[in-house]
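Quick notes on the structure that follows.
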Amino acid sequence: MLKQQANHIEDLINRCLKNEQAAYYEVYENYHHAMYNVSYRILHDSMEAEDVMQESFINAFQKLKTFRKQSKYGKNVIPFGSWLKRIVVNNSINHLRKNKKIITTDLEIVRDSVDDSVNPDFNRHKVELVLKAIENLKPNYKLALNLHLIEGYDYEEVGEIMQISYQNSRTTISRAKQSLRKIINRKDEQKQI
């Protein structure tokens, strides 16, 4: 099934490179919901996320030949969806930098991903506690944790996206986690008093 889907996307990309409008539309239909969600998790504004998502598709369609150049032996090194997601993340971050907005994590998205089967009240409480604590972090810590923990990027990818070195990426994420632990511990201590 996955191979069939990958072949279908491959076919769509080839058709896009031939300027077939129906192929562009089908690629958009396959990915626009996921890419909107990625942008929204970073921007927290539906109108801005929609704009950035649209701009990202335009960028991606204009750069399809560069995606093709990343292939080896006729096979793509990275899946198209991952390549497109990177464009959306970069455009979202650039939008934030341009507008100097604060980055937050969407409580509803993380809350929906928690396994409530073990202890639903405890898990939801923990998630809410962590997300509220993230709100108190510095903007670059919020961004680093969002990219690493929510979006699933590794240290090297976070460094590339944030335009910092690999070592700075590891340090920033480590410090963000330490700051997060301190905030959570303070809140726990306040509850005990």
Side-chain angles (χ1 to χ4, degrees), residues 34-53 55-56 59-60 70 77-79 81-116 118-193:
M35 297 306 126
Y36 168 83
N37 287 336
V38 167
S39 184
Y40 184 79
R41 282 193 296 268
I42 294 170
L43 297 173
H44 290 282
D45 183 289
S46 61
M47 298 290 280
E48 290 179 5
E50 182 75 27
D51 288 345
V52 167
M53 185 261 308
E55 176 188 330
S56 298
N59 294 152
Q70 295 176 12
V77 177
I78 58 170
S82 298
W83 180 76
L84 180 60
K85 180 179 177 181
R86 175 63 66 91
I87 292 171
V88 172
V89 168
N90 287 338
N91 285 347
S92 298
I93 291 170
N94 288 338
H95 184 80
L96 280 174
R97 285 186 181 133
K98 187 169 58 174
N99 295 313
K100 296 179 181 158
K101 293 206 174 183
I102 296 174
I103 299 159
T104 59
T105 304
D106 189 356
L107 178 62
E108 293 304 315
I109 292 169
V110 176
R111 185 182 289 146
D112 291 342
S113 68
V114 172
D115 179 14
D116 288 339
V118 179
N119 185 342
D121 293 334
F122 181 75
N123 284 340
R124 288 198 185 278
H125 173 72
K126 278 291 195 190
V127 168
E128 289 180 22
L129 180 67
V130 168
L131 291 173
K132 285 178 184 174
I134 288 174
E135 294 298 319
N136 296 312
L137 294 174
K138 298 188 319 185
N140 64 323
Y141 286 179
K142 288 180 196 179
L143 176 59
L145 283 181
N146 186 24
L147 292 172
H148 185 63
L149 299 177
I150 307 295
E151 297 300 333
Y153 287 112
D154 63 26
Y155 295 115
E156 187 174 340
E157 292 169 321
V158 171
E160 288 173 14
I161 292 167
M162 293 181 67
Q163 298 174 349
I164 58 177
S165 70
Y166 172 81
Q167 198 59 38
N168 282 346
S169 170
R170 288 183 62 93
T171 301
T172 300
I173 291 168
S174 176
R175 288 180 180 167
K177 288 177 180 178
Q178 285 175 339
S179 293
L180 189 60
R181 280 187 206 101
K182 287 178 185 176
I183 291 169
I184 291 171
N185 287 339
R186 265 188 303 219
K187 289 185 182 209
D188 282 343
E189 287 171 7
Q190 289 173 352
K191 281 185 177 181
Q192 293 175 359
I193 295 177

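Computed from a predicted model, the values in this text were never measured in an experiment.
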Interatomic distance, Asn94 atom CG to Lys98 atom NZ [nearest 0.5 angstrom]
8.5 Å
With the side chain counted from C-beta on, respond yes when Ile161 and Leu143 share a heavy-atom pair under 4.5 Å apart, and no when they do not.
no
Closest non-hydrogen atoms of Val88 and Val52, given as atom of the first, atom of the second and distance, are O-CG1, 4.2 Å
Point-to-point distance, once rounded to the nearest 0.5 Å, from CG of Leu137 to CZ of Arg175:
14.0 Å
Side chains of Leu147 and Ile93 in contact at under 4.5 Å (non-hydrogen atoms):
yes
Listed by chain and number, what are the side-chain contact (heavy atoms from CB on, under 4.5 Å) partners of Gln167, not counting sequence neighbours?
Ser165, Thr171
Kindly compute the distance separating CG (Asp154) from CD1 (Ile173), expressed to the nearest 0.5 Å.
8.5 Å
Where at least one partner belongs to residues 130-154, residue pairs that pass ring pair (Phe, Tyr, Trp, His ring centres under 6.0 Å), sequence neighbours excluded:
His148-Tyr155
Residue pairs passing the ring pair (Phe, Tyr, Trp, His ring centres under 6.0 Å) test where at least one lies in residues 157-178, sequence neighbours excluded:
none
Across all chains, not counting sequence neighbours, the side-chain hydrogen bond (donor to acceptor under 3.5 Å, both in side chains) partners of Ser39 are Ser92
d(Ile184 CD1, Lys177 NZ) to nearest 0.5 Å is 12.0 Å
Is a donor on one side and an acceptor on the other found under 3.5 Å between the side chain of Asn146 and the backbone of Lys142?
no
Of the non-hydrogen atoms in Asn140 and Met162, which two are nearest, and what is the gap between them?
O-CE, 3.7 Å
Heavy-atom nearest pair, Ser56 first then Leu84, reads O-CD1, 4.3 Å
Can you name the residues that form a side-chain hydrogen bond (donor to acceptor under 3.5 Å, both in side chains) with Gln178, not counting sequence neighbours?
none
The single option from Leu43, Leu96, Ile42 passing side-chain contact (heavy atoms from CB on, under 4.5 Å) against Glu48
Leu43
side-chain hydrogen bond (donor to acceptor under 3.5 Å, both in side chains) partners for Asn59, two or more places apart:
Asn91
Under 3.5 Å donor-acceptor, Thr172 side chain and Asn168 backbone
yes
Please, which pairs that meet salt bridge (Lys or Arg N to Asp or Glu O under 4.0 Å) have at least one residue in residues 155-164, sequence neighbours excluded?
Arg86-Glu157, Arg86-Glu160
